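What follows is a set of notes on a single structure, which appears directly below.
Each ligand, and each atom within it, is numbered from 1 in the order the structure gives. Everything quoted here is computed from the prediction, not taken from an experiment.
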Amino acid sequence: MAERLVVIGGDAGGMAAATQARRRRADMEIVALEKGRWTSYSACGIPYVVGGDVAFDDLVVRSPEEHRSRSNIDMRVQHEVMGIDLDARHVEVRDHEGDTTYRVGFDRLHLGLGAVPIRPELPGMEDAHVHGVQTLEDAAELLDDAERGALKRVVVVGAGYIGLEIAEAFVKRGCPSVTVVDRGPEVMGTLDPDMGAMVSQAMREEGIDVRSGTAVAGFEHGKLLTDGGDLDADLIVLGIGVLPNSALAADAGVAVGVKGAIKVDPRQRTSADGVTAAGDCCESFHLVSRQQVHVALGTVANKQARVAGINIGGGYATFPGVVGTAVTRLCSTEVGRTGLTEREATAAGFEYVVAKIESTTRAGYFPGTQRITVKMLAEKRSGRLLGAQIVGREGAAKRIDVMATALTAGMTAEEMTALDLSYAPPFSPVWDPVLVAARKATDLLDGPA
Ligand SMILES: Cc1cc2nc3c(=O)[nH]c(=O)nc-3n(C[C@H](O)[C@H](O)[C@H](O)COP(=O)(O)OP(=O)(O)OC[C@H]3O[C@@H](n4cnc5c(N)ncnc54)[C@H](O)[C@@H]3O)c2cc1C
């Protein structure tokens with residue numbers, strides 16, 4: 001009998017592993033189980049569907065039929081795994097369409113279970129007007145609301161990147177009142193507050209009412225209750241983060257770690273024999289803090305799943321870890337971050353200098369040049385880059401990738417100043433803003449002349 005791989009989860013963390021395994025093992029039987037209706041979809045595109053930039057159907061990168069016909073994967077949608085028995089080596093599956101329950105045996109099991117959105121236990125939470133923004137079902141409902149055009153007041157709870165992208169979507173839809181509420185001192189808690197303040201300023205310039213330092217107390221029909229007063233809302237969208245969806249694995253005896261995320265080794269193997277995991281359900285190793293972290297990003301999910309799939313297929317691959325790189329956009333303001341913030345660097349025990357510079361995205365004299373602020377942290381004594389944040393206009397955010405590359409390579413600020421980066425007036429000043437920041441960090445590390 002052919003060896004059977006069972007994959008739980010029909011998105012990046014599951015299906016990128018399944019397709020990699022198939023490339024290496026034509027003989028393997030692969031059964032993939034997804035509780036929802038869609039497979040290999042881009043949740044990242046949801047805000048842009050709601051905002052009207054992208055068509056809903058374009059979010060599905062590979063349909064169940066394509067998985068079957070192109071990769072010979074037995075893809076079963078609306079089939080939810082209810083339990084895993086590691087000793088008996090089978091999973092218990094609920095077929096929601098057929099209304100039946102059955103078992104599938106496995107030789108190897110791969111977990112791409114994703115994350116679950118945090119839903120605070122607050123009065124009125126089950127109110128029909130509180131929407132999540134996680135699944136394509138959520139996207140369809142939000143799109144429906146947005147397209148009806150009758151929304152006068154939208155309140156977004158959570159000022160992380162997803163909250164900001166959803167706020168942008170409703171601004172674009174012409175909603176007259178968009179409010180973002182967050183209990184943190186500034187928007188975007190993944191940035192330092194001084195950089196977050198630049199983002200909240202940009203939000204206000206776009207007409208968004210920013211209520212940071214405001215805690216939600218509950219929900220009522222058409223109202224969000226906060227410690228700073230009640231806010232009327234036709235629609236409340238909740239985007240306050242996610243936790244790993246690991247209960248199924250933990251119940252089966254698979255070891256979990258930080259925030260309950262599934263523990264994996266560099267080959268994406270879990271503590272259980274023949275069981276791998278990838279994506280939002282599992283841990284990552286942070287290459288700068290040298291600690292395990294939970295990072296819920298599509299970039300990481302795809303890479304981890306590729307590694308898992310190669311290993312399942314008999315190859316050898318490792319995922320070394322993350323540096324925490326992310327970008328987002330709020331109307332015309334772009335944001336990028338990588339590595340450690342000041343708070344994270346301090347918590348990890350580093351001493352550092354902070355270089356913060358203002359520059360332009362193109363040569364200062366070139367038409368269309370825009371503002372950009374770059375902040376860089378470098379470790380005292382070693383001079384090693386620890387983290388960077390960027391806020392600016394068009395052309396700003398993707399510069400964070402240079403910083404992420406330097407971080408991954410363990411470069412010092414001084415080494416960065418010598419990087420042979422490109423220049424022509426339409427693209428950057430002769431000293432690119434990331435190099436200006438590196439130069440300033442080097443000066444600070446050298447101390448007074
Ligand atoms: C609005 C939004 C915007 C985002 N933007 C970005 C971005 O710009 N950049 C970026 O890098 N990342 C972004 N992300 C994060 C990115 O989408 C996730 O990191 C990525 O989807 C993780 O893939 P995954 O396969 O691990 O998890 P998921 O995509 O959550 O997939 C897990 C799948 O498992 C299924 N499942 C769970 N339990 C079971 C079960 N018991 N049985 C069967 N099936 C099950 C779920 O239904 C789901 O389809 C965004 C996320 C959201 C919600």
In the protein, what heavy atom is nearest to [atom], and what distance, to one decimal place, separates them?
atom: atom 44 (N) of ligand 1; result: K35 N, 3.1 Å
atom: atom 52 (C) of ligand 1; result: I162 CD1, 3.4 Å
atom: atom 25 (O) of ligand 1; result: G13 N, 2.7 Å
atom: atom 32 (C) of ligand 1; result: G112 O, 3.3 Å
atom: atom 4 (C) of ligand 1; result: C44 CA, 3.3 Å
atom: atom 53 (C) of ligand 1; result: V133 O, 3.3 Å
atom: atom 29 (O) of ligand 1; result: D11 OD2, 2.4 Å
atom: atom 47 (O) of ligand 1; result: E34 OE2, 2.7 Å

Location of contacts on [X] toward ligand 1, heavy atoms closer than 4.0 Å:
X: A296; answer: backbone
X: W38; answer: neither
X: V300; answer: neither
X: M82; answer: neither
X: I8; answer: side chain
X: I166; answer: neither

Where ligand 1 meets [X] - atom numbers and elements under 4.0 angstrom, heavy-atom basis:
X: H79; answer: 43 (C)
X: L33; answer: 43 (C), 44 (N)
X: G279; answer: 26 (O)
X: L113; answer: 32 (C), 34 (O), 37 (C), 38 (N), 39 (C)

Are any of the N or O atoms of [X] closer than 3.5 Å to those of ligand 1?
X: Q134; answer: no
X: D280; answer: yes
X: V81; answer: yes
X: Y41; answer: yes
X: L297; answer: yes
X: G298; answer: yes

Review point. Quick one: which of I30, D74, L111, L33 gives a side-chain contact (heavy atoms from CB on, under 4.5 Å) with V6?
Key: L33
**Study point:** Sidechain N-carboxylate O distance under 4.0 Å for R267, D265
**Key:**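 No, this pair does not count.
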